[in-house]
Amino acid sequence: MRLPKRELCFWVFLLFLVCSCPKILAQDLVNATIIVNGTYTIAETDDNFVCVTLDWWPPEKCNYYQCPWGNSSALNLDLHHPILAKAIRALNPLRIRVGGSLQDQLVYDVGNLGFPCHPFRKMKDGMWKFSEGCLGMDRWDELNQLFNKTGVIVTFGLNALYGRHKIGKGVYGDVYGGAWNSSNTRSFINYTISKGYRVDSWELGNELSNGFGASVDGGAEQYGKDLITLKAILRDLYKGSHQQPLLLAPGGFYDQKWYNKLLQVSGTNVADVLTHHIYNLGAGDDPHVKSKILDPHYLSQISEIYKELQLTIQRHGPWATAWVGESGGAYNSGGRLVANHFVYSFCTLLWHRLMGKGVLGTNFSGSSYLRTYAHCSKGKAGVTLLLINLSNTTEFHVTIQNGMNINLHKGEANHREGSSVDILKKFVTWIGKKASDGSVKRQEYHLTPKDGNLLSRTMVLNGNPLVLSENGNIPALDPVLVDAKLPTSLAPYSIAFVTLPNFKAPACA
């Protein structure tokens, strides 16, 4: 989703759907009608709405007796693996954010660094239990070769603590004092420009906004001053360039007072984008992670963050836009024993291929376990719906109606005799039949776990397991064609994308 009238880029570690039962057993059948309003869009997503983070964690990063990161960081990832390039191209244009927890301990081996370039190492007293690490320019060159080859849109998270020193303990982490030394950042950005590498946006610091990690002495006021310094560096180094990168801030958990103060101190047109992180499921070892995921009311609470952030932008920074800079469901390497399984998954590729930028309003007053989202279809006429069934016992038979026609007839009904409710009911039925005259078909993509096992690592599309070919090619993601006059059957604990090519939506024209 996106804040009204503002662009949003949703960064993806893992989009999630978690449940507690290992098998799916349907017991109930419920009819549901979803009304889609295609007269206007309620929001708009960015072209590269699907985004990913390339973190800095070394193999020694462990949580809850597991060490899942392996060689997956920006420093040790096999950049020449054929599957990597194919996956990136499949999501083109894909935004990759290079950053994460360790970025405020990362220095850049360029200019007058003054000491050897060492990798991250375990360190008992270090922030996040790791020492300072270093990015060599040879590795930065290799990363940019991959980015250029695959058309990646790059966001880079900069070290906001360089030159500062630990002065005490906060509620959740260390407090760092002293002035920010921007010299290493300036040298790194200058090197990047000199090599012709395109960085779409720079972000200062990671999770410094409200003390859940490390924090800066002086809080939002000091951070706002640092942001002004970085903006001046960008304006100077990119002077005369046709490429003017965005400045993102603060890359942390939303705190109203902190974000308000940041915008007030930094001033107009300094922060182009406000980024915030979402880990609304809590820690990965939380025994209630699954029950939280199964509770649609709990999941909906996160929308309050968007509302509060929207108010902050409207009141203090109307020039800025809002992005979700990082999201992974559960923090500390994801939900233990559920991450990397169907129960913690979502078909991002189908979203990227099917869901357009225009977000449409839906009206559904039935079970909260049926989640509904509607967009203009991507690159073609009509609309596409995403339906998620969070129930393990209910199969929904979903009928989709056009709210534009319903509202039109409702107005006409005021001038007719008889019950307006009865007329409306008749008209809804007529819409379904009228839209289905002839051989009109819709396209459906149903996603379920292999063998009905929610802990399976294989996703099934319309009955066919999705497995890479021997050459690492992505399998075909083909829909089933369904008679438009029939309802969509949504199995328990399943996901479906439904494309309606003949749906009349003026907002999508």
Side-chain angles (χ1 to χ4, degrees), residues 17 24-38 347 350-351 353-356 360-378 380-409 421-449 452 459-464 466 476-505 508:
L17 174 63
I24 300 172
L25 298 174
Q27 297 177 358
D28 304 317
L29 179 62
V30 174
N31 294 320
T33 299
I34 299 171
I35 300 174
V36 179
N37 186 348
C347 193
L350 278 176
W351 174 287
R353 291 182 178 180
L354 301 175
M355 306 290 270
L360 305 174
T362 62
N363 186 358
F364 172 63
S365 58
S367 171
S368 59
Y369 286 84
L370 175 58
R371 316 286 280 190
T372 64
Y373 310 87
H375 282 230
C376 299
S377 292
K378 188 171 187 176
K380 57 186 176 182
V383 303
T384 297
L385 276 76
L386 166 63
L387 308 175
I388 301 177
N389 187 353
L390 291 175
S391 172
N392 69 332
T393 60
T394 301
E395 177 181 341
F396 291 99
H397 281 194
V398 180
T399 299
I400 301 168
Q401 302 293 349
N402 193 323
M404 179 182 67
N405 295 335
I406 293 175
N407 290 334
L408 175 63
H409 188 81
V421 174
D422 290 340
I423 294 173
L424 183 59
K425 288 180 177 178
K426 292 177 182 178
F427 191 71
V428 168
T429 303
W430 177 80
I431 290 177
K433 292 180 180 179
K434 183 69 174 180
S436 304
D437 284 347
S439 58
V440 175
K441 302 287 186 180
R442 65 171 178 266
Q443 301 165 356
E444 295 187 356
Y445 305 78
H446 291 266
L447 302 166
T448 54
M459 180 177 284
V460 175
L461 172 62
N462 296 328
N464 299 310
L466 296 178
L477 303 180
D478 296 324
V480 292
L481 300 180
V482 180
D483 191 325
K485 69 177 180 291
L486 300 176
T488 296
S489 297
L490 191 63
Y493 284 139
S494 70
I495 304 169
F497 289 88
V498 180
T499 295
L500 303 152
N502 289 46
F503 191 99
K504 302 300 181 184
C508 302

Novice: Measuring only between side-chain heavy atoms, which start at C-beta, is Phe497 closer than 4.5 Å to Met355?
Specialist: yes
Novice: Going by the side-chain contact (heavy atoms from CB on, under 4.5 Å) test, name the single residue among Val482, Asn502, Asp483 that passes it with Lys441.
Specialist: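 Exactly one candidate clears the test, Asp483.
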Novice: Tell me the closest heavy-atom pair linking Phe364 and Thr33, and the distance in Å.
Specialist: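 Where Phe364 meets Thr33 most closely, the heavy atoms are CD1-O, 3.4 Å.
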Novice: For the backbone of Val383 and the side chain of Ser377, can you confirm whether one donor and one acceptor N or O come within less than 3.5 Å of each other?
Specialist: yes
Novice: Can you check whether Ser489 reaches Val398 side chain to side chain, under 4.5 Å on heavy atoms?
Specialist: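 No, side chains not in contact.
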Novice: At what distance, to the nearest 0.5 angstrom, does CD1 of Ile35 lie from OG1 of Thr372?
Specialist: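 It comes to 11.0 Å.
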Novice: Can you name the closest pair of heavy atoms from Met404 and Lys504 and give their distance?
Specialist: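 That closest heavy-atom pairing would be CE-O, 3.8 Å.
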Novice: When rounded to the nearest 0.5 angstrom, what distance separates CG in Leu390 from OG in Ser367?
Specialist: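 Going from CG on Leu390 over to OG on Ser367, the span is 8.5 Å.
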Novice: From Leu386 CG over to Ile495 CD1, what is the distance, rounded to the nearest 0.5 angstrom?
Specialist: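 Rounded to the nearest 0.5 Å, the CG-CD1 separation comes out at 7.5 Å.
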Novice: I want to check something: taking the side chain as every heavy atom from C-beta on, are Tyr369 and Ile388 in contact at a cut-off of under 4.5 Å?
Specialist: no
Novice: Could you tell me whether the side chain of Arg442 and the main chain of Ala484 form a donor-acceptor pair under 3.5 Å?
Specialist: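 The answer is yes, because a donor-acceptor pair under 3.5 Å joins these two groups.
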Novice: Of all heavy-atom pairs between Gly356 and His375, which one has the smallest distance, and what is that distance?
Specialist: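 So the minimum-distance heavy-atom pair works out to O-ND1, 2.8 Å.
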Novice: Side-chain contact test, heavy atoms from C-beta onward, threshold under 4.5 Å: evaluate it for Val36 versus Gln401 and give yes or no.
Specialist: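 They are not in contact (no side-chain heavy atoms under 4.5 Å apart), so the answer is no.
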Novice: Please find the pair of heavy atoms, one from Thr448 and one from Ser494, that lie closest to each other, and give the distance.
Specialist: CG2-CB, 3.8 Å
Novice: Check whether Asp478 reaches the backbone of Asn462 with its side chain - one donor and one acceptor, N or O, closer than 3.5 Å.
Specialist: no
Novice: Which value, rounded to the nearest 0.5 Å, describes the distance between Asn464 atom CG and His446 atom NE2?
Specialist: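 Spacing of CG (Asn464) from NE2 (His446) equals 13.0 Å.
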Novice: Is there side-chain contact between Leu477 and Leu350, with at least one heavy-atom pair below 4.5 Å?
Specialist: yes
Novice: Once you round to the nearest 0.5 Å, how far does OH of Tyr373 lie from OG1 of Thr384?
Specialist: 15.5 Å
Novice: Please examine the side chains of Leu360 and Thr362, heavy atoms only from C-beta on, and report whether any two atoms are closer than 4.5 Å.
Specialist: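 No. Closest side-chain heavy atoms not under 4.5 Å.
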Novice: Kindly determine whether Phe396 and Asn389 satisfy side-chain contact (heavy atoms from CB on, under 4.5 Å), including the steps that lead there.
Specialist: CA-CA 8 Å; Phe396 291 99; Asn389 187 353; 3.3 Å; yes
Novice: Please report the C-alpha distance between Asn31 and Thr399 in whole Å, then the side-chain angles of each, then the deciding distance to 0.1 Å, and finally whether the side-chain contact (heavy atoms from CB on, under 4.5 Å) criterion is met.
Specialist: CA-CA 8 Å; Asn31 294 320; Thr399 299; over 6 Å; no
Novice: Kindly indicate, with the supporting measurements, whether the criterion side-chain contact (heavy atoms from CB on, under 4.5 Å) is fulfilled by Lys378 and Leu354.
Specialist: CA-CA 5 Å; Lys378 188 171 187 176; Leu354 301 175; 5.8 Å; no
Novice: Going by heavy atoms in the side chains, are Thr394 and Leu370 under 4.5 Å from each other?
Specialist: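 A side-chain contact is absent here, since even the closest heavy-atom pair is not under 4.5 Å.
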Novice: Any side-chain heavy-atom pair from Ile34 and Asn363 closer than 4.5 angstrom?
Specialist: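 A side-chain contact is absent here, since even the closest heavy-atom pair is not under 4.5 Å.
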Novice: For Leu29 and His397: C-alpha separation, side-chain torsions, deciding distance, then whether side-chain contact (heavy atoms from CB on, under 4.5 Å) applies.
Specialist: CA-CA 7 Å; Leu29 179 62; His397 281 194; 3.3 Å; yes
